[in-house]
Amino acid sequence: MTAPALSVVVPCFNEQEVLPEFHPRLAAAMDGIGLPWEVVYVNDGSRDGTLALMEALAARDGRVAVLNLSRNFGKEIALTAGLDHAACTDAVIVIDADLQDPPEVIPRLVEAARGGFDVAYAQRSVRHGEGWLKKATAAGFYRVMSRLGGRVQLPRDTGDFRLMSRRALDALLAMREQHRFMKGLFAWVGFPAVAVPYERAPRAAGETKWNWWKLWNLSLEGITSFTVGPLKLATYLGLAVSVVALAYLAQLLFRTAFFGNPVAGYPSLMAVVLFLGGVQMMMLGVIGEYLGRVFNETKARPLYFVERHIPSAAHQQVAQRRAS
Ligand code: UDP
Ligand code: MG
């Protein structure tokens, strides 16, 4: 047995409802490709029977690797942990456990990558089971990101579902920052990439781990870990407000000198003071977001801790051969 050509990395948090359905579908899709493969299931501190299910799968199927993290670290870090432990020689595939990304698309990703691409990312053509508000906010987010992105552009309607060549994976893993907005990191790495359109299914079972607050935070993470655009925004907004205020002041001085000032301008004063106070607080907030991230990065902590690692059989044999 040789090292697997392909590794599939699946981050899982409370996915006991879908895993029993996910694995057979994944195995069927992967077997159709005809290359040796393994799957790395990452248990991201689930509070249900997810880990037991994974271990049962690993006991039955030598192609299954299990990585149990010491607690819940969030999807981005769970994904990184899985990628760190992927044994593949050729390419890695990243997929969600909830069957929103159909495993049947994987052979098409492999096929697309064979055309000489390092990255084949699945691009949603239709989003089933998502309300108009979620679609609209997602669209707004992508628009803001593409404005701020400069030369690193995020592909539209693309999640983490993708294939990466070994060298693209190694490049990605060289970036060890704490604030891991994976879509941004994927894009930053570069390499020739190709889009593979697919229809995104609604979640098969279980519930989404994202609520509006988490999505808002993910967007903030995306913007602040991806670009310093908002810091520039602070500069220009501050500049614009000062210019307007100066013009207003000049006009006021002129009027008072030549025509006198009949009314004490309490309301306008209040308005200006509140406006400037608000702008300043907002800009401090922007700076705070970045400062907080600098703070977290300077601690330079490990990204995660592994409670247990069961490598796939193929990986084990490779490791043994390396050791002897
Ligand atoms: N996930 C994870 N850790 C978390 C939250 C989610 O590993 O803290 C996994 C989850 O099990 C799933 C994937 O990340 O496989 C995507 O999560 P979800 O389906 O809830 O997100 P959505 O598809 O709604 O964006
Ligand atoms: Mg999902």
Side-chain angles (χ1 to χ4, degrees), residues 7-23 25-26 39-54 57 64-86 92-103 105-106 121-124 126-139 141-142 154 156-162 178-186 198-222 303-307:
S7 296
V8 183
V9 172
V10 191
C12 299
F13 176 56
N14 296 345
E15 298 289 6
Q16 65 177 9
E17 281 97 351
V18 278
L19 261 189
E21 192 189 337
F22 177 84
H23 187 70
R25 268 180 68 182
L26 177 77
V39 52
V40 182
Y41 287 113
V42 184
N43 178 38
D44 187 18
S46 300
R47 285 179 277 271
D48 62 0
T50 301
L51 179 63
L53 277 173
M54 288 177 177
L57 284 176
V64 174
V66 177
L67 190 66
N68 188 36
L69 301 185
S70 59
R71 63 170 169 86
N72 177 255
F73 283 90
K75 181 186 176 185
E76 317 277 310
I77 297 223
L79 187 55
T80 307
L83 293 173
D84 278 337
H85 290 80
V92 69
I93 293 123
V94 172
I95 188 171
D96 285 356
D98 61 6
L99 294 166
Q100 274 188 297
D101 308 332
V105 176
I106 296 176
Y121 55 87
Q123 193 164 41
R124 303 185 267 260
V126 191
R127 285 172 167 237
H128 289 296
E130 289 181 6
W132 65 270
L133 192 59
K134 180 145 186 202
K135 284 184 202 168
T137 44
F141 171 71
Y142 281 113
L154 293 189
R156 286 192 77 83
D157 288 329
T158 302
D160 296 331
F161 187 23
R162 65 186 59 222
Q178 303 279 332
H179 290 273
R180 306 187 72 74
F181 176 63
M182 293 308 280
K183 295 186 230 312
L185 295 183
F186 288 142
Y198 79 111
E199 283 192 21
R200 187 159 168 87
R203 225 177 196 288
E207 29 191 73
T208 177
K209 313 299 176 302
W210 296 103
N211 53 37
W212 287 104
W213 178 240
K214 280 194 182 167
L215 278 176
W216 166 249
N217 276 323
L218 181 71
S219 309
L220 269 191
E221 193 75 52
L303 292 175
Y304 57 86
F305 287 109
V306 174
E307 190 273 329

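Indexing begins at 1, ligand by ligand and atom by atom, following the structure's order. Remember, predicted model here, so these are calculated numbers, not experimental data.
- E15 contributes atom CD, which lies 14.0 Å from atom CG of L51 (distance to the nearest 0.5 angstrom).
- Smallest separation of non-hydrogen atoms from E76 and R180: OE1-O, 2.8 Å.
- The closest side-chain donor-acceptor pair between Y304 and D44, if any, does not fall under 3.5 angstrom.
- Residue-level proximity to ligand 1 for V10 is absent, since no heavy atom of it falls below 4.0 angstrom.
- Within ligand 1, counting atoms from 1 as listed, the ones closer than 4.0 Å to a heavy atom of C12 are 7 (O), 11 (O).
- In this structure, F161 has its ring center under 6.0 Å from that of Y198.
- When heavy-atom distances to ligand 1 are checked against a 4.0 Å cut-off, K75 comes that close through both its backbone and its side chain.
- Within 6.0 Å of CH2 on W212 lie more than 12 heavy atoms contributed by other residues, nucleotides or ligands.
- Geometrically, R25 does not engage F22 in a cation-pi contact, judged by NZ or CZ lying under 6.0 Å from the ring centre and within 45° of the ring axis.
- Near A97, the atoms of ligand 1 lying under 4.0 angstrom from a non-hydrogen atom of the residue are 15 (O).
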Where do D160 and F186 land on the side-chain contact (heavy atoms from CB on, under 4.5 Å) test, with the steps shown first? CA-CA 9 Å; D160 296 331; F186 288 142; 3.6 Å; yes
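- For D44, every heavy-atom contact with ligand 1 shorter than 4.0 Å involves the side chain, none the backbone.
- For a threshold of 3.5 Å applied to N or O pairs, the pair formed by A78 and ligand 1 contains no separation below that value.
- The distance from ligand 1 to the heavy atoms of E15 drops below 4.0 Å at these ligand atoms: 10 (C), 11 (O), 12 (C), 15 (O).
- Checking D98 against the Mg ion (ligand 2), an N/O/S atom falls under the 2.8 Å cut-off.
- Residue D96 has at least one heavy-atom neighbour below 4.0 Å for each of these atoms of ligand 1: 13 (C), 15 (O), 16 (C), 23 (O).
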